[in-house]
Amino acid sequence: MQTFAIEALSWPDNGADLRRQVRTLVADHVHPANPADRTNCWAVADPAFSRTLAAAGLLGMTWPKEYGGHERSPLERYIVLEELLAAGAPVGAHWIADRQTGTLLLRYGHEEERRRWVPGMARGEIFACIGLSEPNAGSDLAAVRTTARRDGDGWVIDGQKVWTTNAHNAHVMIALIRSEEGSERNAGLSQFIIPMDTPGLTVRPILDLTGGHDFNEIFFDNVRLPGTALLGVEGEGWKQATAELSLERSGPERYLSCLTLLTELIRAVGPEPSDCVRALIGQLVSETWTLRLMSASVAAQIAQGHDPALEATIVKDLGNSFEQAMPALIQAAVETDLSSDAALPIMLGHLLQVSPSFSLRGGTREILKGIIARGLGLR
């Protein structure tokens with residue numbers, strides 16, 4: 001286990017300039033009419049804004065220039081993510097492609113598939129989703145039953161995925177699928193890159209209790225793929241997918257989904273809040289800062305070539321607990337009419353409804369605790 005080497009963090013020299021660039025871009029282009037859209041903003045899609053970020057060189061930042069990237073450091077990218085999330089910018093359209101799909105394609109993908117997809121992701125024109133959970137394989141991901149069977153030089157996919165974020169906006173999916181007949185659990189799994197317009201693939205929406213459309217069901221009925229669709233090594237899908245989760249679990253979105261609510265609280269209560277509210281603000285700010293340093297430490301380890309899977313899982317678990325607790329703590333400390341059209345109650349009411357899902361995406365709390373216990377040698 002690598003430690004959370006916070007003292008070793010070295011922020012880029014151009015960090016201040018980069019923050020100013022992002023803040024100016026957001027101020028010029030983002031004017032959400034609904035304050036709720038500034039919360040949990042990495043679930044809010046705005047393809048035009050994604051293209052704006054790409055034109056400014058702020059997508060595919062760490063990828064090779066050969067594939068449309070910019071060969072910048074992971075900590076430079078981290079700064080950009082922090083600023084976008086803190087502003088509540090609508091980054092949901094490109095988020096998954098930029099965070100992990102492009103990186104996974106560059107690491108494991110066939111050259112033909114890299115050329116087909118990665119440059120478009122860097123331009124903010126190609127969006128992605130992740131095919132992991134199934135009706136009977138959510139937290140127990142090793143129970144996946146969607147199958148891939150060989151057919152000549154290609155593959156045929158049959159089965160179902162569920163809770164697939166952004167599938168209705170996505171052009172492509174990376175899916176974990178059982179490629180070895182009769183295999184069980186972690187063995188016999190492979191990853192495939194699947195165009196979302198492939199014949200036989202159907203996307204159906206799942207609406208949440210706010211009426212929001214983040215999740216989807218995906219059905220595969222005799223979906224035919226070329227041999228190049230296999231990502232990495234046949235049968236190594238479990239290893240590849242769990243390594244991918246380090247990218248998904250460690251980012252600043254794991255503790256910043258509610259930050260706009262905190263900043264709106266500070267604005268709304270003014271310079272002389274009650275002692276109770278003052279203490280709560282102090283608590284939430286200090287916890288945010290601690291999580292920030294831990295998350296950035298994971299980003300620094302990834303930049304050094306390490307695989308901080310355990311540390312990423314710890315950040316995800318602590319960040320989810322923090323984000324889920326914040327709306328209820330603010331509701332208890334501040335008298336507010338949730339039917340009001342003011343920004344604070346609108347944002348608070350929205351997060352009270354959607355924040356219970358925060359501990360499900362990217363792995364449930366129970367699964368994360370098991371990973372942490374094993375990583376620490378406790379089981």
Side-chain angles (χ1 to χ4, degrees), residues 22-23 25-46 49-50 80-93 95 165-166 207-215 251-274 276-292 295 316 318-362:
V22 178
R23 291 175 187 180
L25 186 149
V26 170
D28 288 344
H29 294 274
V30 178
H31 306 283
N34 185 354
D37 288 342
R38 300 203 305 272
T39 65
N40 194 32
C41 66
W42 57 288
V44 179
D46 183 344
F49 182 66
S50 295
V80 171
L81 300 185
E82 273 194 324
E83 291 296 327
L84 292 171
L85 293 167
V91 295
W95 193 261
T165 300
N166 203 45
L207 302 183
D208 64 28
L209 59 82
T210 70
H213 180 193
D214 300 328
F215 303 120
E253 71 270 25
R254 296 306 176 186
Y255 69 94
L256 288 179
S257 297
C258 294
L259 183 68
T260 51
L261 176 65
L262 176 56
T263 55
E264 182 59 30
L265 170 67
I266 294 170
R267 189 203 65 76
V269 299
E272 297 184 5
S274 67
C276 174
V277 173
R278 186 187 304 275
L280 176 60
I281 290 172
Q283 172 191 335
L284 295 175
V285 169
S286 62
E287 290 183 20
T288 299
W289 190 254
T290 301
L291 286 164
R292 175 181 187 257
S295 176
K316 199 268 186 186
L318 293 175
N320 285 164
S321 297
F322 170 70
E323 290 193 316
Q324 284 188 323
M326 184 191 296
L329 290 170
I330 291 176
Q331 183 185 33
V334 179
E335 289 190 18
T336 184
D337 177 5
L338 294 180
S339 65
S340 167
D341 59 1
L344 181 62
I346 290 174
M347 297 166 77
L348 178 59
H350 180 71
L351 284 170
L352 286 168
Q353 295 176 87
V354 303
S355 60
S357 71
F358 291 177
S359 59
L360 299 177
R361 58 195 187 190

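Because only heavy atoms are used, hydrogens play no part in the values below, and waters and symmetry mates are left out as well, while side chains stay in.
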task: Identify, with sequence neighbours excluded, every residue that meets ring-ring contact (aromatic ring centres under 6.0 Å, His included) alongside His29.
output: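 In terms of ring-ring contact (aromatic ring centres under 6.0 Å, His included), with neighbours along the sequence ignored, His29 is linked to no residue.
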
message: Between Glu253 and Asn40, does the side chain to side chain contact (heavy atoms under 4.5 Å, CB included) criterion hold? Intermediate values first, please.
response: CA-CA 8 Å; Glu253 71 270 25; Asn40 194 32; over 6 Å; no

Contact summary for [X] and [Y], nearest pair of heavy atoms:
{"X": "Ser340", "Y": "Ala342", "answer": "OG-N, 3.0 Å"}
{"X": "Val26", "Y": "Ala87", "answer": "CG1-CB, 3.8 Å"}
{"X": "Ala333", "Y": "Cys276", "answer": "CB-SG, 4.0 Å"}
{"X": "Ala36", "Y": "Ile346", "answer": "N-CG2, 3.8 Å"}
{"X": "Ala89", "Y": "Phe49", "answer": "CB-CE2, 3.7 Å"}
{"X": "Thr288", "Y": "Tyr255", "answer": "O-CE1, 3.9 Å"}

Drop me the distance from [X]'s [atom1] to [Y]'s [atom2], to the nearest 0.5 angstrom.
{"X": "Leu84", "Y": "Arg23", "atom1": "CG", "atom2": "CZ", "result": "11.0 Å"}
{"X": "Glu287", "Y": "Leu318", "atom1": "CD", "atom2": "CG", "result": "9.5 Å"}
{"X": "Leu256", "Y": "Cys258", "atom1": "CG", "atom2": "SG", "result": "9.5 Å"}
{"X": "Asp208", "Y": "His213", "atom1": "CG", "atom2": "NE2", "result": "10.0 Å"}
{"X": "Leu262", "Y": "Leu280", "atom1": "CG", "atom2": "CG", "result": "8.0 Å"}
{"X": "Glu264", "Y": "Thr39", "atom1": "CD", "atom2": "OG1", "result": "11.5 Å"}

- request: Would you please test Leu261 and Leu344 for side chain to side chain contact (heavy atoms under 4.5 Å, CB included) and show each step?
  value: CA-CA 7 Å; Leu261 176 65; Leu344 181 62; 3.7 Å; yes

Heavy-atom donor-acceptor pair, [X] side chain to [Y] backbone, under 3.5 Å:
{"X": "Thr260", "Y": "Arg38", "answer": "yes"}
{"X": "Glu323", "Y": "Ser257", "answer": "yes"}
{"X": "Thr336", "Y": "Leu338", "answer": "no"}
{"X": "Ser295", "Y": "Leu291", "answer": "no"}

task: Only counting residues at least two apart or in another chain, list the ones meeting salt bridge (charged side-chain N to carboxylate O under 4.0 Å, His left out) with Glu82.
output: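 Salt bridge (charged side-chain N to carboxylate O under 4.0 Å, His left out) check on Glu82 returns Arg19, Arg292.
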
[Y] and [X], any side-chain heavy atoms less than 4.5 Å apart:
{"X": "Val277", "Y": "Ile281", "value": "yes"}
{"X": "Phe322", "Y": "Leu284", "value": "yes"}
{"X": "Val354", "Y": "Leu351", "value": "yes"}
{"X": "Leu85", "Y": "Leu259", "value": "no"}

query: Can Gln324 and Ser355 be said to form a side chain to side chain donor-acceptor pair (under 3.5 Å), step by step?
result: CA-CA 5 Å; Gln324 284 188 323; Ser355 60; 6.0 Å; no

